[in-house]
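Here's the structure, in structure tokens; my notes come after.
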Number of protein chains: 2
Amino acid sequence: MSAEPLGVDALDTLFGALADPTRRLLLQRLLAKGPATATALAEPLPVSRQAVVKHLQGLAAAGLVVAERDGREVRFRATPERLASAVGWLLDAGGSWDRRIDRLRRR
Amino acid sequence: MSAEPLGVDALDTLFGALADPTRRLLLQRLLAKGPATATALAEPLPVSRQAVVKHLQGLAAAGLVVAERDGREVRFRATPERLASAVGWLLDAGGSWDRRIDRLRRR
DNA sequence: CGTATATGCAATGAAATGGTTGCACCTGGC
DNA sequence: GCCAGGTGCAACCATTTCATTGCATATACG
């Protein structure tokens, strides 16, 4: 039910993916406005399409997005389950030290 | 009240700090067993004291620990407020897409 | 068919990261 | 005073990361 705990490597990849501002932006964009192609996502950004593709691959490796082919294009879709896993780790690590964490933890 | 939102750079540093297994281990160790010196923290680990020092500085830069001098030693203490900030970002980004996130979010 | 658009792959390069070692510098205690 | 233990600093090295560019491939469509 609750997000099952991830291995050490998965956590590396997950937090690593979230550590980059461009990747966070892409993820938020996908979460907020739905699936999009690398080309479309790159358009408003100050970096090349290839850079965006690599970032999306990073997000995919972390399980935060999936690539879905549709004819000639590839549409990336956010899969937020892993965000819950990240939250799970943070709450678990944080224990009851912080009032805010404690409040969140208690549901 | 709630953990105030961090800037983009702060999020980079925060998630970046969490992206390394040794740093997560150190953080968990400090959270679970209380403050300790770099030398003591390095002892059971397969890396040098200097490596641990650098990791602790990374955690300190992220606001996850603070260094407190006590005579000839420096004791590092975990400060979990930033964990709440990370959780805040994740919940905010996740929106209502995932049932688990949604549940947490509705607290 | 032919062309325009979207994607894929590879080489390259600059900078950041994670780790090491060696040595200098405090500070507490005999 | 002297010595040992804990820190701090700097140089150095290997690897990874972020971004670029150029070109190849594939597919939609008139």
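Naming convention: chains lettered A, B, ... in sequence-line order (proteins, then strands); numbering from 1 in each chain. Fair warning: this is a prediction, and the values are worked out from it, not measured in the lab.
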*asked:* Does anything in residues 55-71 of chain A form a side-chain hydrogen bond (donor to acceptor under 3.5 Å, both in side chains)? List the pairs, not counting sequence neighbours.
replied: A:Arg23-A:His55, A:Glu68-A:Arg77, A:Asp70-A:Arg75
*Heavy atoms of chain A, cut-off under 4.0 Å: which first and last nucleotide of DNA chain C, 5' to 3', fall inside that, if you could look?*
C:dA4 to C:dC9
_Partner set under salt bridge (charged side-chain N to carboxylate O under 4.0 Å, His left out) for A:Arg24, not counting sequence neighbours_ = B:Asp12
*Would you mind reporting whether B:Leu30 and B:Leu41 have side-chain heavy atoms less than 4.5 Å apart?*
yes
*Group every Ile, Leu, Val, Met, Phe, Trp and Tyr by side-chain heavy-atom contacts under 4.5 Å, then state whether A:Val47 and A:Leu26 land in the same group.*
yes
*Partners passing salt bridge (charged side-chain N to carboxylate O under 4.0 Å, His left out) against B:Glu43 (at least two apart in sequence or in another chain)*: none
Close N or O pairs between protein and nucleotides 3-7 of chain D (under 3.5 Å):
{"from": "D:dT7", "atom 1": "OP1", "to": "B:Val74", "atom 2": "N", "distance (Å)": "3.0"}
{"from": "D:dT7", "atom 1": "OP1", "to": "B:Val74", "atom 2": "O", "distance (Å)": "3.4"}
{"from": "D:dT7", "atom 1": "OP2", "to": "B:Thr39", "atom 2": "N", "distance (Å)": "3.4"}
{"from": "D:dT7", "atom 1": "OP2", "to": "B:Thr39", "atom 2": "OG1", "distance (Å)": "2.3"}

_By the ring pair (Phe, Tyr, Trp, His ring centres under 6.0 Å) test, which pairs, at least two apart or in different chains, include something from residues 26-50 of chain B?_
none
*May I ask you to decide if B:Gly63's main-chain N or O and B:Thr79's side chain share a donor-acceptor pair within less than 3.5 Å?*
yes
*Using atom types as modelled and distance alone, determine if a side-chain donor or acceptor of A:Arg82 lies under 3.5 Å from a backbone N or O of A:Leu14.*
no
*Does any pair with a residue in residues 69-94 of chain A pass ring pair (Phe, Tyr, Trp, His ring centres under 6.0 Å), and if so which ones, sequence neighbours excluded?*
A:Phe15-A:Trp89
Please list each protein N or O that sits under 3.5 Å from an N or O in nucleotides 17-19 of chain D, with the distance.
{"from": "D:dC18", "atom 1": "OP1", "to": "A:Arg23", "atom 2": "NH2", "distance (Å)": "3.2"}
{"from": "D:dC18", "atom 1": "OP2", "to": "A:Arg23", "atom 2": "NH1", "distance (Å)": "3.1"}
{"from": "D:dA19", "atom 1": "OP2", "to": "A:His55", "atom 2": "NE2", "distance (Å)": "2.2"}
{"from": "D:dA19", "atom 1": "N7", "to": "A:Lys54", "atom 2": "NZ", "distance (Å)": "3.2"}
{"from": "D:dA19", "atom 1": "N6", "to": "A:Lys54", "atom 2": "NZ", "distance (Å)": "2.5"}

*asked:* Give the residues of residues 59-68 of chain B touching DNA chain C, defined as any heavy atom closer than 4.0 Å, sorted by residue number.
replied: none
*Should A:Val53 and A:Val74 be counted in the same cluster of Ile, Leu, Val, Met, Phe, Trp and Tyr side chains packed under 4.5 Å apart?*
no
*Any side-chain heavy-atom pair of A:Leu45 and A:Leu25 under 4.5 Å*: yes
*All side-chain contact (heavy atoms from CB on, under 4.5 Å) counterparts of A:Ala61, not counting sequence neighbours*: A:Thr13
